[in-house]
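Values reported hereafter were calculated over all heavy atoms of this structure, with side chains retained and with hydrogens, waters and symmetry mates removed.
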Amino acid sequence: MKLLVLSDSHSSLRFMRLCMDKVKPDGVIHLGDYYDDGEVLKEEYPGVLFRQVPGNCDRYRCPPFVQEILIDRVFGVDFYLTHGHKHGVKMELGKLLRDAKTANVQAVLYGHTHIPNCYQDQDGLWVMNPGSCGYGATAGLIRIEDGKICHCAILNQGDLEEIS
């Protein structure tokens with residue numbers, strides 16, 4: 001299964017649509033800023049599983065009952081999803097990683113910094129920030145097989161051009 005991870009779209013849907021058309025994901029996670037961009041994408045690609053959380057710029061862009069942190073199982077993998085602003089990710093990742101490990105998930109996905117990052121820590125936790133699909137034209141791609149992450153990577157414009 002292919003899971004496309006997007007964040008910080010800031011009303012720039014062009015790269016998001018390019019990712020959808022090239023990657024052809026089975027699922028999408030949008031990590032906020034701007035929540036309504038995710039809603040547009042969900043409507044345009046109705047057959048794709050979709051999850052999203054709001055960001056710091058989404059106070060008036062989504063219903064007030066929408067959770068800012070979502071712990072959810074997607075394709076058999078437990079994820080901790082957040083934009084990251086409530087965890088202070090622009091300063092350091094300590095609080096975010098502690099919360100994710102307390103939630104006993106296999107992966108934590110966050111945005112907010114616009115800086116792409118993808119790695120597996122010494123405890124086996126996958127950590128991904130897809131960067132900004134709006135300003136930096138980057139996204140994340142996670143491949144899942146048999147309920148486990150088998151590949152995790154950051155995609156940019158050049159990577160998408162190589163996909164036929």
Side-chain angles (χ1 to χ4, degrees), residues 1-90 93 96 99-100 103 105-118 126-144 149 151-157 159-161 163:
M1 304 300 268
K2 291 186 286 187
L3 185 60
L4 181 65
V5 184
L6 303 167
S7 187
D8 296 280
S9 48
H10 296 280
S11 292
S12 180
L13 293 167
R14 188 190 62 76
F15 185 73
M16 293 172 71
R17 289 176 176 129
L18 179 63
C19 286
M20 293 296 293
D21 294 339
K22 290 289 193 168
V23 173
K24 298 181 183 1
D26 301 292
V28 174
I29 293 175
H30 187 268
L31 300 168
D33 282 357
Y34 290 3
Y35 190 89
D36 43 351
D37 294 347
E39 291 294 310
V40 168
L41 207 63
K42 185 166 49 171
E43 288 178 19
E44 291 178 359
Y45 299 88
V48 177
L49 177 88
F50 201 88
R51 300 286 188 276
Q52 69 176 345
V53 292
N56 58 297
C57 295
D58 291 321
R59 181 180 215 160
Y60 303 108
R61 294 179 181 277
C62 66
F65 58 83
V66 174
Q67 298 176 10
E68 291 183 338
I69 297 169
L70 183 60
I71 300 168
D72 199 8
R73 180 168 286 184
V74 179
F75 305 134
V77 174
D78 292 323
F79 287 94
Y80 187 99
L81 310 175
T82 184
H83 183 65
H85 60 293
K86 298 283 186 170
H87 290 87
V89 297
K90 285 190 177 180
L93 298 181
L96 176 66
D99 288 354
V105 297
Q106 289 110 336
V108 58
L109 308 180
Y110 71 100
H112 192 52
T113 68
H114 297 198
I115 300 169
N117 191 12
C118 180
W126 284 98
V127 180
M128 176 186 273
N129 181 331
S132 173
C133 60
Y135 292 132
T138 59
L141 178 62
I142 298 174
R143 291 185 186 272
I144 299 170
I149 295 174
H151 180 76
C152 189
I154 301 296
L155 301 175
N156 60 36
Q157 186 88 28
D159 296 325
L160 293 175
E161 291 169 3
I163 297 172

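I154 approaches P116 most closely through the heavy-atom pair CG2-CB, 3.7 Å. Scanning all heavy atoms of the two residues, the minimum distance from S9 to M16 falls at CB-SD, 3.3 Å. Summarising the geometry of V66 relative to P54, their closest heavy-atom pair is CG1-CD, 3.7 Å, with the distance given to 0.1 Å. Summarising the geometry of V105 relative to D78, their closest heavy-atom pair is CB-O, 3.3 Å, with the distance given to 0.1 Å. Scanning both residues, Y80 and A103, for their nearest heavy atoms gives CD1-CB, 4.0 Å. Among all heavy-atom pairs drawn from I29 and L3, the shortest one is CD1-CD2, 3.7 Å.
Using a 4.5 Å heavy-atom cutoff, the side chains of L13 and M20 are not in contact. Contact check for L31 versus V5: side-chain heavy atoms found under the 4.5 Å cut-off.
Between the side chain of D58 and the backbone N or O of G55, at least one donor-acceptor pair lies under 3.5 Å. Side-chain N or O atoms of H114 include none that pairs as donor or acceptor with a backbone N or O of G131 at under 3.5 Å. Without hydrogens or angle criteria, D33 side chain to N56 main chain gives a donor-acceptor distance under 3.5 Å. Panel note: side chain D36, backbone E39; no donor-acceptor pair is recorded below 3.5 Å. Looking at T138, its side chain does come within 3.5 Å of a backbone N or O of S132 through a donor-acceptor pair. At distances below 3.5 Å, not a single donor-acceptor pair connects side-chain atoms of S7 with backbone N or O atoms of P130. D8 places a side-chain N or O within 3.5 Å of a backbone atom of H112 that can act as its donor or acceptor partner. Looking at K24, its side chain does come within 3.5 Å of a backbone N or O of D21 through a donor-acceptor pair.
Heavy-atom contacts from other residues, nucleotides or ligands closer than 6.0 Å to NZ of K2 number more than 12.
Rounding to the nearest 0.5 Å places CG of L141 at 7.5 Å from CD1 of I163. The line from CE of M128 to CG of L109 is 7.0 Å long, rounded to the nearest 0.5 Å. In this structure, CG on L4 lies 5.0 Å from SG on C19, to the nearest 0.5 angstrom. Going from atom CG of L96 over to atom OG1 of T82 covers 7.0 Å, rounded to the nearest 0.5 Å. Interatomic distance, CD1 of I144 versus CG of D26, reported as 9.0 Å (0.5 Å rounding). Note that the CG atom of L81 and the CD atom of E68 stand 13.0 Å from one another [nearest 0.5 Å].
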Tell me, with the steps shown, if V77 and W126 meet side chain to side chain contact (heavy atoms under 4.5 Å, CB included). CA-CA 11 Å; V77 174; W126 284 98; over 6 Å; no
Determine whether F79 and L70 satisfy the following criterion, side chain to side chain contact (heavy atoms under 4.5 Å, CB included), listing intermediate values before the conclusion. CA-CA 8 Å; F79 287 94; L70 183 60; over 6 Å; no
Pair F75-I142, side chain to side chain contact (heavy atoms under 4.5 Å, CB included): steps then yes or no: CA-CA 11 Å; F75 305 134; I142 298 174; over 6 Å; no
Any chance you could lay out the side chain to side chain contact (heavy atoms under 4.5 Å, CB included) test for Q157 and F15, step after step, and finish with the verdict? CA-CA 8 Å; Q157 186 88 28; F15 185 73; 3.6 Å; yes
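Ring planes of Y34 and H10: perpendicular class, angle over 60° (limits at 30 and 60°).
Cation-pi check for R61 over Y35 is not met; the charged atom does not lie both under 6.0 angstrom from the ring centroid and within 45 degrees of its normal.
Using modelled atom types, one finds no donor on one side chain facing an acceptor on the other under 3.5 Å when comparing D37 with H30.
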